[in-house]
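Structure, as structure tokens:
Nothing here was measured: the structure is a model prediction, and the numbers come from that model. Residue numbering restarts at 1 for every chain, and letters A, B, ... go by the order of the sequence lines.
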Amino acid sequence: MTAPLAARGITHRYGGFTAVDGVDLSVPAGRVTALVGHNGAGKSTLFDCLCGTVRPTSGRVFLAGRDVTRLPDHARARLGLARTFQQLAVFPGLTVEENVRVGAEQRRGLTAPGLAAGLIGLPQPGRSSARAATRAALRLLDLGASHRLRAADLPTGTLRRVELARVLASSPTVLLLDEPAAGLDQDEAEALGRVLRALAADGMALLLVEHDLDLVQRVADTVHEMAGGRLLGPGGAEEREGGGEVR
Amino acid sequence: MASLTVDLALAGIAVGSAAALTGIGLIVTYRATGVLNLAHGAIAMVTAYLLRQLVVVWHWPTGAAAALCLLVVAPGIGVVLDLLVFRPLAARGAGTAETLVATLGVFVLLVGAAFLAWGGDARADVPSLVSARPVTLPGGLSVRLDTLVQFGAVAVVALAVAAVTRWTRIGDELRAVVDNRRLAVLRGIDADRVAAVGWAFGSFTAGLAGVLLAPYLRLDPYGLSLLVLETMAVAVGAGMRSLPAAVFTALVVGVAQSELTALHPTAAAQPLVQAVGANLFVVALLVSVFVLPRIGGVGAERAAAALTRGRRTTSPVGWAACAVVLLLPLGLRAMDLYAALQVPALAIVLLSIVVVTGYGGQISLGQAGYAGLGALFAAMLSSGTFFGLPPLDEFAALPLAVLLVAPLGLLTGWPAIRRRGLALALTTFALGVAVSRFVFAQPFFTSGLVLNRPRGLSGDRAFYVFELALLTAALLVVRNLHRGRLGRALAAMRDHEQGAAAAGVPVPRLKLFAFAVGAASAALGGALLGMAGRAFDPADFDPVRGLLWFAAVVVMGADSALGAVLAAGLLVGLDTGTHEGVSALVVGVLAVLLGRFPGGLVNTVLTRREERGAPRAGPLVAPDAVLTAEGRRVRDRVRSASGRGP
């Protein structure tokens with residue numbers, strides 16, 4: 001079976017500096033894969049290559065067996081590759097619900113006819129399914145009570161959940177998380193860990209770049225360490241049993 | 001032949017040295033404060049006017065007048081701007097977009113003030129500081145004295161800057177601030193003092209450039225300001241960094257510009273060569289904004305979002321009041337109704353800025369160009385001069401002009417894919433200026449044009465109703481861009497471009513779309529403006545006017561369609577009701593004060609009312625933790641450092 005997300009021989013150079021050096025990586029379904037390493041080890045660059053904000057100097061990225069190396073980030077997102085940001089990426093001008101809705105309604109691409117139809121005010125197809133996905137994501141992350149509030153007015157912990165809800169509303173097959181515990185307190189980080197385990201149990205493929213080794217230890221099935229742009233392999237191979245239905 | 005070349009080269013040095021001074025001033029201010037001062041041209045213009053006032057009207061001796069203008073007034077303007085406008089912004093940690101609007105506000109304010117004080121007529125009697133008598137240099141070359149002084153001024157200023165930065169304490173501090181503002185502040189350097197010196201010096205060079213250039217031109221509030229803004233090319237071309245590169249570029253372009261006038265190509269190429277020769281700085285500006293996409297782009301993420309409040313609701317009361325005001329002119333006397341014809345047309349133009357900047361988050365300073373193209377195309381189509389097409393009925397020419405301009409929105413939409421903030425603002429401005437100089441000012445396009453109102457609508461009343469109908473239609477379309485799936489996608493792109501892309505929003509396509517819709521809207525409004533006045537008048541679509549329009553929309557709230565309609569009423573009403581220039585003065589003052597009501601006037605008023613009605617979720621983090629006096633000082637320092645880093 002092909003892994004939902006696979007990287008083959010990814011190398012990326014900035015000028016003369018090789019940030020990522022021939023990395024092979026598979027992110028299997030139903031598991032949480034973690035990527036750890038010191039600052040400058042190349043984690044973020046690899047992450048960017050995977051989600052499409054950076055095009056690797058060489059190497060290929062496969063999404064469910066399909067070569068997506070040349071696709072930009074938004075196209076990969078529509079194919080089911082979702083990501084979160086180390087620095088919060090929410091839309092402060094929108095309400096919590098609208099933030100999530102943006103994620104829910106992009107699976108159907110915004111093509112030229114769609115833009116024209118939107119311009120003259122025709123209803124867009126797929127509205128009801130987007131609404132349902134939005135509601136489900138809000139419920140999953142316990143945002144039901146605050147869905148009408150503007151994102152600009154909310155604290156970091158809530159916004160982390162808003163971002164995650166938006167990402168989940170697009171029902172991705174692969175989820176890349178860039179330090180999702182940054183700025184969270186103990187309780188929030190634990191709640192996040194439970195959600196991640198639940199998603200993996202649901203069959204999603206998760207890749208976690210994280211400094212918080214606590215969180216990594218609790219949720220990751222496989223831990224890869226990166227140093228000097230290379231993958232050191234599943235060090236310690238913390239294969240865990242079952243993972244657990246925690247929710 | 002050889003002597004002619006040398007003469008022209010020396011004439012070019014006049015323009016080139018003014019450009020070099022502008023370049024030096026802009027770069028020094030930018031390095032010291034992180035602000036690209038778009039008001040530079042207006043400071044030059046005001047200084048030149050003041051010199052003329054002192055010498056021609058009040059009969060001061062030239063030397064004393066020049067000393068007052070250059071050594072007191074011009075640097076004084078800079079210090080006042082720093083104290084009243086830019087230091088508070090920096091202390092608040094305002095972003096690129098807010099600072100940009102503040103410089104635009106200063107620009108517009110000074111232009112408005114000049115209109116009020118001296119009128120819009122061009123003056124040809126600005127005194128020269130030095131006579132044009134020839135002097136013979138050692139070596140036998142005969143040079144005009146004024147050329148020598150201009151060249152000398154550049155050399156002295158450039159060497160002085162080099163010496164000061166190298167050998168004095170303020171120079172050390174400047175270099176420290178330039179390297180890393182935050183670090184410099186923590187080391188105890190007074191960044192505010194460095195910024196004040198930067199502003200004073202920048203304004204001094206602006207004044208000097210204005211005073212040196214003005215005798216060669218006819219002085220009017222728009223012309224000199226715009227010319228100096230065009231020479232901004234040399235600073236941008238030097239990457240806002242290298243003074244020698246700026247001076248060299250300035251002199252080369254200046255000399256090349258005058259050499260080109262000596263060229264006599266074949267008849268077919270003549271207009272083009274002339275246009276390029278007369279506007280080489282515009283060409284240079286275009287080249288530099290396209291070659292160097294990264295100017296000021298750092299940290300400009302969600303630049304324009306700072307100008308909006310992201311309100312998703314509309315105010316029925318506001319719209320009702322707006323409708324009443326728009327219907328009022330139908331009961332007015334014929335004279336007043338004629339003036340009111342501009343309001344709906346201008347409102348449609350301003351809606352294009354709401355779409356592109358307010359909804360899409362892309363700063364566009366070039367919308368006046370699209371409005372002008374709409375008017376020009378409508379006129380050409382109905383006059384039968386549009387590349388072989390037969391004359392069309394106005395009812396056909398109007399929509400066709402709009403459809404033809406819409407794809408031209410890609411001219412600014414395409415660069416917008418990779419640019420943000422300041423870089424995008426400069427690119428759109430450069431394109432707007434280029435369209436103005438290379439299309440609107442060329443007889444090839446504009447000769448033999450007639451522009452009439454559509455059949456049956458030639459009366460003012462009928463045409464006004466027609467305009468209102470189109471404005472309503474435009475508002476309905478614009479509303480579709482503010483709600484529903486499209487509205488959410490645009491807002492997401494405006495608020496966080498990368499986040500939007502990660503959510504699957506096709507950001508590049510959406511940017512092109514926003515610019516195309518904006519171009520179409522501007523074109524429709526521009527064509528109506530032309531039809532209202534029954535002519536294509538390039539002055540209506542001057543790039544400087546475009547800056548005024550942008551500032552007016554932002555002042556009202558960039559993402560408020562209601563605000564755009566009100567802004568149109570304000571611009572037209574103030575100028576026709578009082579004196580020309582009052583609207584610019586008011587918009588300028590409001591834009592400078594924008595920091596006090598972020599998000600714009602309309603949004604501020606609406607939010608206030610809303611907050612009185614129902615308490616909203618308050619901030620959950622205490623905005624001001626309890627700090628000791630020392631702690632507060634450190635925090636203020638850090639804040640001002642983070643706001644101003646170039």
If every non-hydrogen atom of [X] is compared with every non-hydrogen atom of [Y], which pair is closest and at what distance?
X: A:Gln106; Y: B:Ala489; answer: NE2-CB, 4.2 Å
X: A:Arg83; Y: B:Ala502; answer: CG-CB, 3.7 Å
X: B:Ala503; Y: A:Ala77; answer: C-CB, 4.1 Å

Side chain, backbone, both or neither: which part of [X] has a heavy atom under 4.5 Å from chain A?
X: B:Leu476; value: neither
X: B:Val517; value: side chain
X: B:Val477; value: both

Sorted by chain and residue number, the side-chain hydrogen bond (donor to acceptor under 3.5 Å, both in side chains) partners of A:Asp67 (sequence neighbours excluded) come out as A:Arg60, A:Thr69
Between the CZ atom in B:Arg488 and the CG atom in A:Leu94, the distance rounded to the nearest 0.5 Å is 8.5 Å
Rounded to the nearest 0.5 angstrom, the CG-NE2 distance for A:Leu88 and B:His496 is 8.0 Å
Close side-chain approach of A:Thr53 to B:Gln498, heavy-atom, < 4.5 Å: yes
Exercise for the section: Would you check if A:Leu110 and B:Leu486 make a side-chain contact, meaning some heavy-atom pair closer than 4.5 Å? Expected result: yes
_Under 3.5 Å: donor-acceptor pair, side chain of B:Asp495, backbone of A:Gly93_ = yes
In terms of heavy-atom pairs under 4.5 Å with chain B, the winner among A:Arg76, A:Glu163, A:Arg101 is A:Arg101
Check step by step if side-chain contact (heavy atoms from CB on, under 4.5 Å) holds for B:Arg509 and A:His74.
CA-CA 11 Å; B:Arg509 188 184 303 156; A:His74 56 86; 5.8 Å; no
Checking heavy-atom separations under 4.5 Å from chain B, one finds in residues 115-132 of chain A A:Leu115, A:Gly118, A:Leu119, A:Ile120, A:Gly121, A:Gln124
